[in-house]
Amino acid sequence: MASALKVTWLWWKNYWIERHTPITTTYDGIWLRTKSHNRIILGLTDQAKEDIGDITFIDYPTKTPHLNAGDTLIDLEGGKAVETFKVPVGGTVTAYNDDLLQHPEKISQNKLADNWIVELKGD
């Protein structure tokens, strides 16, 4: 029983740390957030959102199960510019945020739960 309690405690502890870890790494308009087990979440930085303006269209040009560093990650169209962002690190894709395709305005929100682009398992 103590083992199950310990496992549950560690899961909740890691979950809290992942949700509250500040984003400190950015590459060319993309922020990276490292999670446990070599997982990486990628999203759009506030500066990139400001440069593009109100985002009206999002497209994943290469929606593949594996991305290499330098591959095209996402195309964004906004009120001020049209931008293409590259993947800063390579890895196996575990999830795409397909909700952004139907609701591109969500990427402009400050909630990390809504504005992430892709989740990778690092190589």
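All heavy atoms count here, side chains included; hydrogens, waters and symmetry mates do not.
- Taking the side chain to side chain contact (heavy atoms under 4.5 Å, CB included) definition, one finds that P104 meets it with I55, I58, sequence neighbours left out.
- Contact check for T25 versus T34: no side-chain heavy atoms found under the 4.5 Å cut-off.
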Q: Start with the C-alpha distance between E83 and I52, add both sets of side-chain angles, then the distance that settles side-chain contact (heavy atoms from CB on, under 4.5 Å), and finish with yes or no.
A: CA-CA 7 Å; E83 292 284 337; I52 295 170; 3.7 Å; yes

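- The heavy-atom pair separating F85 from A48 by the smallest distance is CZ-CB, 3.9 Å.
- Residues I107 and I117 are in side-chain contact: their nearest non-hydrogen atoms beyond the backbone lie under 4.5 Å apart.
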Q) Are V93 and T64 close enough, and set up right, to give a side-chain contact (heavy atoms from CB on, under 4.5 Å), and what steps lead you there? A) CA-CA 8 Å; V93 176; T64 62; 5.6 Å; no

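- For residues 67-78, the set of pairs meeting the side chain to side chain donor-acceptor pair (under 3.5 Å) definition, not counting sequence neighbours, comprises H66-N68, T72-K86, D75-T84.
- Within 6.0 Å of the CG atom in D51, the count of heavy atoms belonging to other residues, nucleotides or ligands exceeds 12.
- Using a distance-only test at 3.5 Å, with no hydrogens or angles considered, no donor-acceptor pair links the side chain of W31 to the main chain of T26.
- Taking the side chain as every heavy atom from C-beta outward, T45 and I30 never approach each other to under 4.5 Å.
- Residues passing the side chain to side chain contact (heavy atoms under 4.5 Å, CB included) test with V89 are L32, I40, L120, sequence neighbours excluded.
- Residues F57 and I74 fall into different hydrophobic clusters, defined by Ile, Leu, Val, Met, Phe, Trp and Tyr side chains chained together at heavy-atom separations under 4.5 Å.
- For E50, the side chain to side chain contact (heavy atoms under 4.5 Å, CB included) partners at least two apart in sequence or on another chain are Q47.
- With rounding to the nearest 0.5 Å, the separation of NZ in K6 from NZ in K13 is 10.0 Å.
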Q.
Using the rule given for side-chain contact (heavy atoms from CB on, under 4.5 Å), can you reason through L73 versus L42, listing the C-alpha separation, both sets of side-chain angles and the distance that settles it, and then say yes or no?
A. CA-CA 10 Å; L73 173 63; L42 305 177; 4.2 Å; yes

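- In terms of heavy atoms, P88 sits closest to A69 at O-CB, 3.8 Å.
- In this structure, the side chains of Y60 and N97 come closer than 4.5 Å at one or more pairs of heavy atoms.
- Here D28 pairs with nothing under the side chain to side chain contact (heavy atoms under 4.5 Å, CB included) rule; sequence neighbours left out.
- Under the salt bridge (Lys or Arg N to Asp or Glu O under 4.0 Å) criterion, the residue pairs touching residues 89-100 are K63-D98, D99-K106, with sequence neighbours excluded.
- Considering CG of L76 and OG1 of T56, their distance stands at 9.5 Å, rounded to 0.5 Å.
- In this structure the side chain of E119 reaches within 4.5 angstrom of the side chain of I41, judged on heavy atoms.
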